[in-house]
Protein chains: 2
Amino acid sequence: MRLKIMARLDLDNSDLPASDIDPGPLKLEVVQGGDMAHRLICGDNLLGLRALAKSEVRAHLAYLDPPFFTQRLHQRVERNRNRKTGRIERTETPAFDDRWPSLDHYLLTLAERIRATRDLLTNDGSMIIHVDPATSHYVKVLCDEIFGPEAFANEIIWRYRRWPAKTPNFQKMHDVLLRYRRDPKVKPRFVQLYEPLAASTRATWGDRKQVADIDEQGHRRRSLKTAEPSPGAPLGDVWELSVIAPVAKERTGYPTQKPEKLLRRLIESCSYEGDLILDPFAGSGTTMAVAAKLGRRSIGIDASDEAIDVASARLRAANVELRCERVVSSSAKNDAHSRRSS
Amino acid sequence: MRLKIMARLDLDNSDLPASDIDPGPLKLEVVQGGDMAHRLICGDNLLGLRALAKSEVRAHLAYLDPPFFTQRLHQRVERNRNRKTGRIERTETPAFDDRWPSLDHYLLTLAERIRATRDLLTNDGSMIIHVDPATSHYVKVLCDEIFGPEAFANEIIWRYRRWPAKTPNFQKMHDVLLRYRRDPKVKPRFVQLYEPLAASTRATWGDRKQVADIDEQGHRRRSLKTAEPSPGAPLGDVWELSVIAPVAKERTGYPTQKPEKLLRRLIESCSYEGDLILDPFAGSGTTMAVAAKLGRRSIGIDASDEAIDVASARLRAANVELRCERVVSSSAKNDAHSRRSS
DNA sequence: GCAGTTAATGAATCGCATG
DNA sequence: CCATGCGATTCATTAACTG
């Protein structure tokens with residue numbers, strides 16, 4: 001018996017939307033703004049990524065937050081106080097559709113976008129893809145195929161707390177973020193962050209660095225306390241960060257919005273000031289907002305009008321100078337604009 | 001372009017050790033002990049599992065802690081004080097070999113053992129396999145194939161703290177445990193455990209239970225405090241437990257030994273008193289030792305003499321009555337005993 | 001008895017030396 | 001030049017000891 005686990009990629013166009021196969025020549029049409037540090041592109045992200053690939057633009061970090069294969073239509077929730085009754089009323093509008101004919105369709109769509117993202121990275125850049133524990137395994141096999149297994153850098157666990165579900169099972173309380181380097185042979189962009197020392201370490205060693213001590217015979221003795229203060233322990237790959245509270249200021253109403261703290265940590269450790277951050281699933285614009293706060297440049301892409309509205313409002317409220325663009329393909333049938341207004 | 005991620009299982013015996021293909025009739029030969037609650041079997045675990053399958057024995061929980069594909073030979077470390085010098089001296093002996101021709105060989109070996117383990121589970125039983133984040137994804141694809149994706153219950157993250165490695169990367173600080181149910185249609189064995197409430201919850205709600213409150217119009221109002229003390233939050237799937245300290249009493253010197261706290265949590269929540277716990281990669285016998293403490297029965301299998309020695313000494317020291325057995329196959333070439341004494 | 005201090009050391013990763 | 005291997009690094013943990 002032989003076994004092989006792999007992502008099999010065969011040529012067969014029949015399952016793909018026409019726009020994925022040959023959208024004709026692509027162009028980015030400026031809707032508003034000049035040569036800004038932050039660009040928000042409206043359109044299918046595969047087309048957007050391919051249009052960007054033709055320019056000189058290369059990103060140092062890409063963050064992908066695709067749909068999680070929930071098989072649900074996700075709604076945006078707006079909250080407004082009714083003038084007459086004084087009660088808060090909720091309005092729901094469709095934000096994005098996460099329903100798929102099959103897992104294979106989902107993975108294939110993702111694979112195309114991961115590959116297109118990889119082509120836009122600098123050699124010392126990396127990609128982080130945010131997924132669910134139920135699909136992360138398939139996505140990792142996919143990424144191993146696209147980047148090569150040596151390029152795998154981390155499985156980051158984002159652990160959060162939420163209202164418990166009543167189930168005879170351990171409560172699902174984490175997301176998975178996979179990080180891949182574009183070229184594992186190149187010295188990576190990385191800024192060492194620290195987390196607080198463990199309580200047991202502080203009790204024994206205080207907040208000073210330890211150093212190993214080896215005697216003349218080469219035997220190891222007890223480590224020594226130094227006078228040098230410790231910056232903490234180098235940051236690990238399990239992060240405990242709270243989800244956005246239902247009443248937090250940060251909350252835009254856009255579904256599946258990720259907390260700014262999470263993006264801050266990713267961007268601070270995997271990019272330098274002035275670097276370009278790419279987010280092909282821009283959603284409510286969290287990545288771009290955090291990139292702006294941290295002095296990075298950014299490009300966000302999203303096909304949903306809801307997303308573009310929420311993100312541009314959010315960024316403008318934060319005084320981020322924004323250039324808005326639209327993906328235009330020469331073939332009228334696949335024109336992002338015509339689909340938008342349909 | 002089409003894509004399919006799957007575990008492909010083709011018939012081709014050439015890569016397998018002869019004993020995996022047809023070991024001939026299998027028998028468990030009693031080396032020592034009578035009809036005890038705890039059985040330690042020496043021999044290849046695939047043969048051991050197949051021999052068990054012929055008996056009526058079925059396990060309620062199986063814990064698998066296979067090698068992690070480290071491509072290293074792992075050593076057992078014994079420590080003894082030298083009478084003359086008074087210094088502690090270390091003796092290293094090979095414990096198990098985790099070197100493989102390829103990832104596929106590793107996965108195939110694992111697949112056979114997972115399948116054999118599944119065949120030994122009760123319908124309401126489950127299997128937990130302990131793996132590394134670098135291979136967990138492939139193992140999950142494998143298990144989805146063997147158990148079916150609906151049988152997937154949890155990805156448990158064991159987060160620990162250790163000394164930092166010097167690397168421009170997030171420190172690897174977690175293991176992955178995958179849990180599958182034998183039959184997802186059957187009510188599972190599960191005991192709800194709790195963890196302490198989050199600090200923010202205690203600050204707002206104290207240590208009493210909250211209840212949702214909905215008014216006559218169906219609008220949700222602020223939740224209410226109750227008088228009933230909260231048992232804590234239902235246990236999640238990210239567990240922070242320390243690794244065995246270098247000087248802990250628990251430490252046997254056997255490599256990759258897992259902490260008793262981890263096994264205690266798994267056994268307490270996924271089995272009942274009197275249940276049978278199966279560990280085909282018994283190693284230093286942690287699973288069996290914890291099972292005994294928790295009033296469960298156990299069967300452990302290991303091919304390594306080092307493991308059998310360490311585990312039986314450990315269990316006897318804990319006053320666990322033990323029956324020792326040996327897998328015997330009729331084909332002399334594959335006889336576990338002849339290999340042991342070679 | 002209890003608290004505080006001292007002791008011992010695992011093993012991931014990089015970098016440099018050695019063959 | 002490439003592969004191999006050893007040394008340096010340093011936080012975390014519990015046991016043993018001390019007052």
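Numbered from 1 within each chain, the chains take letters A, B, ... in sequence-line order. These values consider heavy atoms only, across backbone and side chains, with no hydrogens, waters or symmetry-generated copies. Please read all numbers here as calculations on a predicted model, not as lab measurements.
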Whole-Å distance separating the [atom1] atom of [X] from the [atom2] atom of [N]:
X        : N      : atom1 : atom2 : value
B:Tyr254 : C:dG10 : OH    : C1'   : 17 Å
B:Asp132 : C:dA12 : CG    : C1'   : 12 Å
B:Tyr160 : C:dG10 : OH    : C1'   : 12 Å
B:Leu241 : D:dT13 : CG    : P     : 10 Å
B:Lys172 : C:dT13 : NZ    : C1'   : 10 Å
B:Asp175 : C:dA11 : CG    : C1'   : 14 Å
B:His74  : C:dA12 : NE2   : C1'   : 12 Å
A:Lys225 : C:dT5  : NZ    : C1'   : 8 Å

Query raised in the report: Using Watson-Crick and G-U wobble pairs with both distances under 3.5 Å, what is the 5'-to-3' dot-bracket string of DNA chain C, with [ ] for crossing pairs and | for pairs outside the strand?
Result: .|||||||||.||||||||
Test salt bridge (charged side-chain N to carboxylate O under 4.0 Å, His left out) applied to [X] - qualifying residues, sequence neighbours left out:
X        : value
A:Arg264 : A:Glu268
A:Arg189 : A:Asp124, A:Asp275
B:Asp144 : B:Lys140

Can you name the atoms? Protein N/O to nucleotides 4-11 of chain D N/O, anything below 3.5 Å, with the distance.
| residue | atom | partner | partner atom | Å |
| --- | --- | --- | --- | --- |
| D:dC11 | OP2 | A:Gln210 | N | 3.4 |
| D:dC11 | O2 | B:Trp163 | N | 3.2 |
| D:dC11 | N4 | A:Gln210 | OE1 | 3.4 |

Requested in this report: Determine the interplanar angle of the A:Tyr180 and A:Phe152 rings, folded into 0 to 90°, and report it as parallel if under 30°, tilted if 30 to 60°, perpendicular if over 60°.
Outcome: tilted
Query raised in the report: Angle class for the B:Trp100/B:Tyr106 ring planes (parallel below 30°, perpendicular above 60°, tilted otherwise)?
Result: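 Rings of B:Trp100 and B:Tyr106: perpendicular, over 60°.
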Check the interface with nucleotides 16-19 of chain D: list each N/O to N/O pair with the protein under 3.5 Å, or write none.
none

Query - Test: B:Arg161 and B:Glu240 ion pair at under 4.0 Å - result: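 Yes, charged N to carboxylate O under 4.0 Å.
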Query raised in the report: Without hydrogens or angle criteria, can the side chains of A:Gln210 and A:Ser223 be said to hold a donor-acceptor pair below 3.5 Å?
Result: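 No, because no side-chain N or O of A:Gln210 sits under 3.5 Å from a partner of the opposite role on A:Ser223.
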Query - Donor-acceptor pair between B:Thr286 and B:Arg314 side chains, under 3.5 angstrom - result: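 B:Arg314 and B:Thr286 do have a side-chain donor-acceptor pair below 3.5 Å.
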Report task. Using the closest heavy atom to pick a nucleotide of DNA chain C for each, name whichever of B:Val247 or B:Thr167 lands nearer the 5' end. Result ->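 That would be B:Val247.
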Requested in this report: Could you say whether B:Ala245 or B:Pro168 is positioned toward the 5' end of DNA chain C, judged by the nucleotide with the nearest heavy atom to each?
Outcome: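 In this pair, the answer is B:Ala245.
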Name the nucleic acid region contacted by [X], choosing base, sugar-phosphate or nothing; use a 4.0 angstrom heavy-atom cut-off, strictly under.
X        : value
B:Ser242 : sugar-phosphate
B:Arg72  : sugar-phosphate
A:Arg221 : base

Report task. Measure the shortest side-chain to side-chain distance between A:Gln192 and A:Pro231 over non-hydrogen atoms and say whether it is less than 4.5 angstrom. Result -> no
Query raised in the report: Going by heavy atoms in the side chains, are A:Pro133 and A:His174 under 4.5 Å from each other?
Result: yes
Query raised in the report: Do any N or O atoms from the side chain of A:Arg179 and from the backbone of A:Ile128 form a donor-acceptor pair under 3.5 angstrom?
Result: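 It does not hold such a pair.
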Report task. Step through the shown structure and confirm whether more than 12 heavy atoms of other residues, nucleotides or ligands are within 6.0 Å of CD on B:Glu92. Result -> yes
